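As the structure is a prediction and not an experimental result, all values here were calculated from the model.
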Amino acid sequence: MTMIRLVAWSARHPRLVLATALAVLLAGVVARRALRRDAIPDLSEPQIVLVVDWMDHAAPEVARRITDVLTGALAGVPGATAVRGTSMSGMAYVDVVFAAPRELAPGRDEIARRVRAAELPNTARVQLGQTASSTGWVFEYALINRGRRSSLLELRRLQDEVVGPALAAIPGVAEVAPLGGEVQQLSVEASPDRLRARGLAFSDV
């Protein structure tokens, strides 16, 4: 009965109903414009991300020498609820998830201490990222040259040498992570017999 009465009252006062709807619409537009443009919902617990560069090494080797070592070393960090590792060719990502934001500062110090004590290859470069959440991918873009039809190698070089550094220099940008393209590599094949004849070890190459 209440709904019927409301519909009947609205039918008798159409101008008032339209004015109320217009006022609500204008209030919504004003509220939308007042929102911060960088407002992104935090969908998960706070976390600290480690990025390890160990180029020219296959994903299985990265997993064995980098990811497994770091996930084992970071297990049991005070305040951490999970340690997740991801391996790929030449790189590894390790996420340390915390239960509350107040655990980030002491947890970050403990992570840095354990990383320094971990037995990692000398050529591996570890970057301890800022605190983050699962909504880390804020802006994605693709480099396409339709006219010249640039190769994937040229596009990746443009990204690494021009576009990426320019975006990383913007205040507030924590990381520019390239994906895809082709990276120029050099392969060195060592002969064990020739090394042995010269009294050299493979680590001397």
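For the atom pair CG (Asp109) and CG (Leu104), the distance works out to 11.0 Å, reported to the nearest 0.5 Å. Taken to the nearest 0.5 Å, the CZ atom of Phe98 stands 8.5 Å off from the OG1 atom of Thr81. The distance from the CZ atom of Arg156 to the CG atom of Leu143 is 10.5 Å, given to the nearest 0.5 Å. Here Trp54 contributes atom CH2 and Thr67 contributes atom OG1; the two are 10.0 Å apart, rounded to the nearest 0.5 Å. Note that CG of Leu18 and CG of Leu25 are 12.0 Å apart. Values are rounded to the nearest 0.5 Å. A distance of 8.5 Å separates OG of Ser191 from CZ of Arg196, quoted to the nearest 0.5 Å.
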Next on the checklist: With side-chain contact (heavy atoms from CB on, under 4.5 Å) as the criterion, how do Val52 and Val94 come out once you've worked through the C-alpha distance, each side chain's angles and the decisive distance to 0.1 Å?
Outcome noted: CA-CA 8 Å; Val52 185; Val94 178; 5.6 Å; no
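Scanning all heavy atoms of the two residues, the minimum distance from Pro46 to Pro101 falls at CG-N, 3.7 Å. Considering every non-hydrogen atom in both Gln47 and Asp95, the closest pair reads OE1-CB, 3.4 Å. For the residue pair Ala168 and Val176, the shortest heavy atom distance occurs at N-CG2, 3.7 Å. Across every non-hydrogen atom of Ala118 and Ala73, the tightest pair is CB-CB, 4.4 Å. Across Asp53 and Met91, no two heavy atoms sit closer than the pair OD1-CE, 3.1 Å. Across all non-hydrogen atoms, the minimal contact from Ile66 to Pro121 is CD1-CD, 3.5 Å.
The hydrophobic clustering, which links ILVMFWY residues whose side-chain heavy atoms are closer than 4.5 Å, places Leu128 and Val115 together. Val97 and Val83 sit in two unconnected hydrophobic clusters of ILVMFWY residues. Membership requires side-chain heavy atoms under 4.5 Å apart, directly or through other members. Put simply, Leu6 and Val17 are part of two different groups of oily side chains (I, L, V, M, F, W, Y) that touch within less than 4.5 Å, one to the next. Note on Val69: it clusters hydrophobically with Leu74, by side-chain heavy-atom contacts below 4.5 Å among ILVMFWY residues. Under a hydrophobic-cluster definition in which Ile, Leu, Val, Met, Phe, Trp and Tyr are linked whenever side-chain heavy atoms come within less than 4.5 Å, directly or via other members, Met55 and Val51 are assigned to the same cluster.
We find that Glu154 and Arg157 are not joined by a salt bridge, their nearest charged nitrogen and carboxylate oxygen being 4.0 Å or further apart.
Side-chain contact between Leu120 and Leu70: present, with at least one pair of heavy atoms (C-beta onward) separated by less than 4.5 Å. The closest side-chain heavy-atom distance from Leu167 to Ile170 is below 4.5 Å. In this structure, Glu103 and Val77 have side chains that are not in contact, with every pair of non-hydrogen atoms separated by 4.5 Å or more.
Summarising the local packing, CD of Gln127 is surrounded by more than 12 heavy atoms from other residues, nucleotides or ligands at distances under 6.0 Å.
A donor-acceptor distance shorter than 3.5 angstrom exists from the side chain of Arg114 to the backbone of Ala75, with no hydrogens or angles considered.
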